[in-house]
Amino acid sequence: MRVRGFAELVFRDSARLVFARACEACAVDVTLDHPEAWVVDDRRISFALDLDLSEAELSAHEALLLDLAAEAASGEVELLPQGGQRIFALAGQLSSGTPVRGSGPHEVVAEAGSPTIPVSSRRRG
C-alpha cells in the first residue's frame with residue numbers, strides 16, 4: 001500500500017542517542033531499508049516518506065515513530081496509508097496549553113472546565 005509520512009521532532013538531549021535506542025528496541029530496523037527518509041541532527045529528527053510499504057513495514061514505522069514522539073520535547077508525527085487509518089501524534093507540550101489528541105485533522109480537545117479565551121481578529125492600531 002502507498003504510505004506518505006512526515007515527522008519533525010525536537011529533543012532536549014541528543015536526538016542521535018534517542019534514535020539509536022528506539023531503533024534498537026524495534027524488532028525491525030526500518031531505517032536500513034529507507035535511509036534517505038531520515039535526517040538525524042544533534043537535537044532534531046526529520047522524516048519524510050512516500051513509498052509502497054507492506055503492513056509489516058507500516059507497523060514497524062509506526063512503532064519507531066511513536067517511540068520517538070514519546071521521547072521528544074516537541075514536534076509531530078503523521079503516517080497516511082492510502083485507504084487506511086491515519087496515524088498521528090504530537091510530542092511535548094503545546095505553548096497554548098490546549099491538549100491536542102486524536103486522529104482527525106485539527107482535532108482539538110479542551111480539558112473539562114478550562115476557560116475559553118475569546119480571540120479577536122481585528123488589528124489594533
Side-chain angles (χ1 to χ4, degrees):
M1 87 179 69
R2 192 72 176 182
V3 177
R4 296 181 70 186
F6 167 84
E8 189 67 37
L9 299 167
V10 178
F11 299 84
R12 287 187 185 91
D13 296 318
S14 173
R16 290 183 175 112
L17 182 59
V18 171
F19 188 71
R21 284 192 308 236
C23 287
E24 231 176 63
C26 288
V28 178
D29 189 353
V30 298
T31 63
L32 293 177
D33 293 334
H34 308 290
E36 72 284 354
W38 300 91
V39 176
V40 182
D41 293 323
D42 289 338
R43 304 252 186 265
R44 180 179 302 272
I45 295 175
S46 300
F47 168 78
L49 181 79
D50 187 1
L51 291 171
D52 289 322
L53 298 177
S54 68
E55 282 289 328
E57 289 174 315
L58 175 60
S59 294
H61 278 83
E62 177 183 0
L64 177 59
L65 287 166
L66 293 179
D67 281 353
L68 291 170
E71 296 290 325
S74 65
E76 65 183 278
V77 168
E78 181 175 46
L79 288 173
L80 297 165
Q82 187 175 17
Q85 185 166 354
R86 175 181 181 232
I87 299 155
F88 179 77
L90 283 177
Q93 300 295 322
L94 297 176
S95 61
S96 70
T98 304
V100 177
R101 302 182 189 108
S103 59
H106 310 296
E107 182 175 330
V108 178
V109 180
E111 302 259 346
S114 63
T116 303
I117 302 170
V119 177
S120 172
S121 61
R122 290 186 303 174
R123 295 188 81 172
R124 296 177 193 216

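- Using the six-membered ring where Trp is involved, H61 and W38 have ring planes that are parallel, under 30° apart on the 30 and 60° scheme.
- Separating the CG atom in L79 from the CG atom in L66 is a distance of 7.5 Å, to the nearest 0.5 Å.
- Applying the side chain to side chain contact (heavy atoms under 4.5 Å, CB included) criterion to S46, with sequence neighbours excluded, gives E8, V39, R44.
- Heavy-atom minimum distance, E57 versus D52: OE1-O, 4.3 Å.
- Side-chain contact check for E78 versus L65: every heavy-atom pair is 4.5 Å or farther apart.
- The distance from atom CG of D50 to atom CZ of R2, rounded to the nearest 0.5 Å, is 4.5 Å.
- When each of L68, T31, D67, L32 is tested with C23 by the rule side chain to side chain contact (heavy atoms under 4.5 Å, CB included), just one qualifies, namely T31.
- No continuous path of ILVMFWY side-chain contacts below 4.5 Å connects F6 to L51, so the two sit in separate hydrophobic clusters.
- With contacts defined as side-chain heavy-atom distances shorter than 4.5 Å, the pair M1/E55 qualifies.
- For A69 against A91, the heavy-atom pair with the smallest separation is O-CB, 3.2 Å.
- For the residue pair I45 and V40, the shortest heavy atom distance occurs at CG1-CG1, 4.1 Å.
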Throw together a table of side-chain donor-acceptor distances under 3.5 angstrom for residues 10-22, partners on residues two or more places apart or in other chains.
unit_1: S14; atom_1: OG; unit_2: R16; atom_2: N; d: 3.4
unit_1: S14; atom_1: OG; unit_2: L17; atom_2: N; d: 3.1
unit_1: R16; atom_1: NH1; unit_2: D42; atom_2: OD1; d: 2.4

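- Around atom CD of E36, more than 12 heavy atoms belonging to other residues, nucleotides or ligands sit under 6.0 Å away.
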